[in-house]
Amino acid sequence: LFLRIAADLGRERGGGPALAFARLATMLDPKAPETWLVAAEILGRSEQYGLALQALDNVKPGTGWYGMAVGRRAAMLQQDGRVEEARALLQARARAADATVADWARLAELERDAKNWQAAADAYGKALALLPADAKQAQAQLHFLRGSTFELGGHWKDAEGDLRAA
């Protein structure tokens with residue numbers, strides 16, 4: 001209940017009341033990763049990145065929430081101007097044996113934001129390679145993103161192929 005209230009308040013207003021309910025939720029069930037994710041999100045919206053990162057430390061590998069926590073950690077590091085730390089985190093996650101499409105897509109987004117067009121396109125390519133053949137919508141989205149990345153980087157021929165595939 002406290003988690004739900006915190007999430008709802010955090011979406012609407014953020015700040016003190018939302019954080020108070022999120023903190024109550026973490027105290028009542030400190031092993032529940034979703035409580036820490038909500039607390040971190042509220043702290044991040046308040047630009048309290050250090051505290052948000054500390055909250056994310058409580059989401060452990062092996063939980064279904066860990067990938068999301070890594071993505072949130074990288075986003076908060078990036079928002080805090082710590083782009084190299086975010087990149088290192090996302091690269092490590094993407095190179096892990098159990099890396100997912102989302103892991104590679106997050107790395108691609110960071111590289112795209114940093115205007116590292118070729119690195120972004122390469123990461124989108126890795127994400128595409130992990131998709132099953134029947135994931136047509138996800139393929140179209142990733143082809144579009146990679147194509148627009150190629151276009152921004154001045155690689156028109158590569159861009160055209162991906163944009164047509166999308």
Side-chain angles (χ1 to χ4, degrees), residues 3 6-7 10-11 13-15 18-19 22-23 25-26 30-131 135 137-155 158-159 162 166:
L3 180 62
R11 273 193 297 276
R13 291 183 286 258
L19 186 55
R23 188 66 189 117
T26 62
K31 292 184 180 180
E34 58 268 35
T35 64
W36 294 105
L37 284 164
V38 170
E41 188 67 30
I42 293 166
L43 288 162
R45 286 185 188 160
S46 301
E47 297 182 4
Q48 297 180 54
Y49 301 117
L51 292 173
L53 294 170
Q54 287 176 13
L56 289 171
D57 288 341
N58 292 287
V59 182
K60 304 298 182 202
T63 66
W65 299 95
Y66 185 69
M68 183 182 292
V70 169
R72 291 306 310 139
R73 177 179 296 281
M76 287 183 199
L77 287 168
Q78 194 174 1
Q79 290 165 355
D80 197 28
R82 298 158 60 183
V83 176
E84 290 307 315
E85 287 179 68
R87 179 178 286 117
L89 176 67
L90 292 176
Q91 285 174 337
R93 184 68 207 120
R95 291 183 179 135
D98 62 342
T100 65
V101 171
D103 294 326
W104 282 103
R106 283 188 203 102
L107 177 59
E109 289 169 21
L110 178 136
E111 296 297 2
R112 187 178 159 111
D113 289 346
K115 296 181 176 35
N116 296 327
W117 309 122
Q118 189 59 53
D122 291 346
Y124 282 129
K126 297 279 189 178
L128 276 162
L130 290 175
L131 282 174
Q137 183 175 357
Q139 288 174 0
Q141 290 170 337
L142 288 173
H143 275 295
F144 177 79
L145 290 168
R146 187 171 68 173
S148 63
T149 298
F150 277 134
E151 188 263 332
L152 289 166
H155 298 278
D158 294 322
D162 270 322

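Note that the structure is a prediction, hence the values are computed from the model and not measured.
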Legend entry - Minimum heavy-atom distance between Ala121 and Phe150, given as atom pair plus value: CB-CE2, 3.5 Å

Inset, instruction - Would you check if the side chain of Trp36 reaches a backbone N or O of Ala55 as a donor-acceptor pair within less than 3.5 Å? - result: no

Inset, instruction - Please report the closest heavy-atom contact between Ala159 and Gly147, naming both atoms and the distance. - result: CB-O, 3.3 Å

Inset, instruction - Provide the closest heavy-atom pair for Ala74 versus Leu89 in the form atom of the first, atom of the second, distance. - result: N-CD2, 3.8 Å

Inset, instruction - Supply the atom-to-atom distance Ile42 CD1 to Leu51 CG, rounded to the nearest 0.5 angstrom. - result: 13.0 Å

Inset, instruction - Apply side chain to side chain contact (heavy atoms under 4.5 Å, CB included) to the pair Val59 and Arg73, showing each step before the final yes or no. - result: CA-CA 11 Å; Val59 182; Arg73 177 179 296 281; over 6 Å; no

Inset, instruction - State, to 0.1 Å, how close Tyr49 and Gly44 come at their nearest heavy-atom pair, and which atoms those are. - result: CE2-O, 3.6 Å

Legend entry - Validation row: Arg87, Glu111 side chains within 4.5 angstrom (heavy atoms): yes

Inset, instruction - Could you grab the distance from atom CD of Gln137 to atom CG of Leu142, nearest 0.5 Å is fine? - result: 11.0 Å

Inset, instruction - Quick one: pull up OG1 in Thr63 and NZ in Lys31 and give me the separation to the nearest 0.5 Å. - result: 13.5 Å

Inset, instruction - State, with a plain yes or no, whether a side-chain heavy atom of Asp98 is found less than 4.5 Å away from one of Arg93. - result: yes

Legend entry - Side-chain touch Thr100/Leu130, heavy atoms, less than 4.5 angstrom: no

Inset, instruction - For Arg82, enumerate each residue passing the salt bridge (Lys or Arg N to Asp or Glu O under 4.0 Å) test, keeping only those at least two apart in sequence or located in another chain. - result: Asp80, Glu85

Inset, instruction - Mark yes when over 12 heavy atoms from residues, nucleotides or ligands other than Glu47 sit less than 6.0 Å from its CD; otherwise mark no. - result: no

Inset, instruction - Quick one: pull up CD in Gln78 and CG in Leu110 and give me the separation to the nearest 0.5 Å. - result: 4.5 Å

Inset, instruction - Would you name the heavy atoms of Ala127 and Val101 that are closest together and state the gap between them? - result: O-CG2, 3.6 Å

Inset, instruction - Please report the shortest heavy-atom distance between Leu37 and Ala69, naming the atom on each side. - result: CD2-CA, 3.8 Å

Legend entry - Between CE on residue Met76 and CG on residue Leu56, distance to nearest 0.5 Å: 5.5 Å

Inset, instruction - Using salt bridge (Lys or Arg N to Asp or Glu O under 4.0 Å) as the criterion, list what pairs up with Asp162, not counting sequence neighbours. - result: Arg146

Inset, instruction - To the nearest 0.5 angstrom, please state how far the OG atom of Ser148 sits from the NE2 atom of His143. - result: 12.5 Å

Legend entry - Min side-chain heavy-atom separation Tyr124-Glu109 under 4.5 Å: yes

Inset, instruction - Tell me, please, which residues at least two apart from Arg106 pass side chain to side chain contact (heavy atoms under 4.5 Å, CB included). - result: Leu90, Ala102, Asp103

